[in-house]
Amino acid sequence: MKNRLAVAIVVMCLLLGTVPFAFGATEKISGSSSSAYVSALYVGATGEKPNQEYVKITNSGKTSVNLKGWKIKDEGAKHTYIFSSYTLKSKATVTLRSGIGKNSGSTLYWGKNIFIWNNHDPKHKEYGDTAYLWNAQGKLVSSKKG
């Protein structure tokens with residue numbers, strides 16, 4: 001009986017299109033036409049360094065996306081990263097690391113010597129944080145819980 005119920009729930013989720021989000025997939029914001037989205041968020045673990053946590057932005061489109069003026073924010077907007085000048089090529093991904101380092105073609109550094117992404121919220125007894133991607137016009141285009 002339990003197996004049938006589980007199968008019925010999975011089938012219903014598939015029909016409603018909710019299974020990918022239940023497994024931590026990226027949420028593309030309704031009405032967003034952007035091909036750039038948050039594809040991964042690693043909030044780090046105890047004992048790691050700030051450069052080990054990261055957020056990845058992927059361009060699934062056929063043309064490059066100019067990220068100048070775009071923003072990445074954490075839950076509660078306690079931390080904000082503003083892209084100064086970066087072009088994300090078609091079918092490419094850029095990794096934004098929280099710590100300090102030298103930017104390269106596929107890796108950018110937030111420039112902080114602190115952790116950006118919460119991996120534990122004692123108030124809510126939940127793990128994780130959420131990355132929000134805003135375009136240069138201030139419109140939320142994507143989010144991802146990590």
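- Using a 4.5 Å heavy-atom threshold, the side chains of Glu53 and Ser98 count as touching.
- A search for side-chain hydrogen bond (donor to acceptor under 3.5 Å, both in side chains) contacts involving Glu48 returns Tyr42, not counting sequence neighbours.
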Mind listing the side-chain donor-acceptor pairs of residues 57-73 below 3.5 Å, one per line with the distance, residues two or more places apart or on another chain?
{"residue": "Thr58", "atom": "OG1", "partner": "Ser39", "partner atom": "OG", "Å": "2.7"}
{"residue": "Thr58", "atom": "OG1", "partner": "Thr93", "partner atom": "OG1", "Å": "2.8"}
{"residue": "Asn59", "atom": "OD1", "partner": "Ser35", "partner atom": "OG", "Å": "2.7"}
{"residue": "Asn59", "atom": "OD1", "partner": "Gly61", "partner atom": "N", "Å": "2.8"}
{"residue": "Asn59", "atom": "ND2", "partner": "Thr63", "partner atom": "O", "Å": "2.8"}
{"residue": "Asn59", "atom": "ND2", "partner": "Leu88", "partner atom": "O", "Å": "3.1"}
{"residue": "Asn59", "atom": "ND2", "partner": "Lys89", "partner atom": "O", "Å": "3.3"}
{"residue": "Ser60", "atom": "OG", "partner": "Ser35", "partner atom": "O", "Å": "3.2"}
{"residue": "Asn66", "atom": "OD1", "partner": "Lys68", "partner atom": "N", "Å": "2.9"}
{"residue": "Trp70", "atom": "NE1", "partner": "Asn66", "partner atom": "O", "Å": "3.3"}

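- Under the 4.5 Å side-chain heavy-atom criterion for grouping Ile, Leu, Val, Met, Phe, Trp and Tyr, Leu41 is not connected to Tyr54 through any hydrophobic cluster.
- Its side chain outside the 4.5 Å cluster rule for every partner, Phe115 clusters with none of the Ile, Leu, Val, Met, Phe, Trp and Tyr residues.
- With hydrogens and angles ignored, the 3.5 Å screen pairs a side-chain donor or acceptor of Asp129 with a backbone N or O of Asn118.
- Partners of Ser104 by side chain to side chain contact (heavy atoms under 4.5 Å, CB included), not counting sequence neighbours, listed by chain and number: Ser106, Thr107.
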One pair to check against side-chain contact (heavy atoms from CB on, under 4.5 Å): Trp117 and His79. What are the steps and the verdict? CA-CA 9 Å; Trp117 308 105; His79 305 281; over 6 Å; no
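- For Asn51, the side chain to side chain contact (heavy atoms under 4.5 Å, CB included) partners are Arg97, Tyr109, not counting sequence neighbours.
- Between the CG atom in Asn103 and the OG atom in Ser84 there is a gap of 8.0 Å [rounded to 0.5 Å].
- Rounding to the nearest 0.5 Å places OH of Tyr37 at 13.0 Å from OG of Ser143.
- In this structure, the ring pair (Phe, Tyr, Trp, His ring centres under 6.0 Å) partners of Tyr81, at least two apart in sequence or on a different chain, are Phe83, Trp110.
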Go through the steps for Asn113 and Ile100 under the test side-chain contact (heavy atoms from CB on, under 4.5 Å), then give the verdict. CA-CA 7 Å; Asn113 201 19; Ile100 298 169; 4.2 Å; yes
Check step by step if side-chain contact (heavy atoms from CB on, under 4.5 Å) holds for Val94 and Leu108. CA-CA 7 Å; Val94 63; Leu108 301 174; 3.8 Å; yes
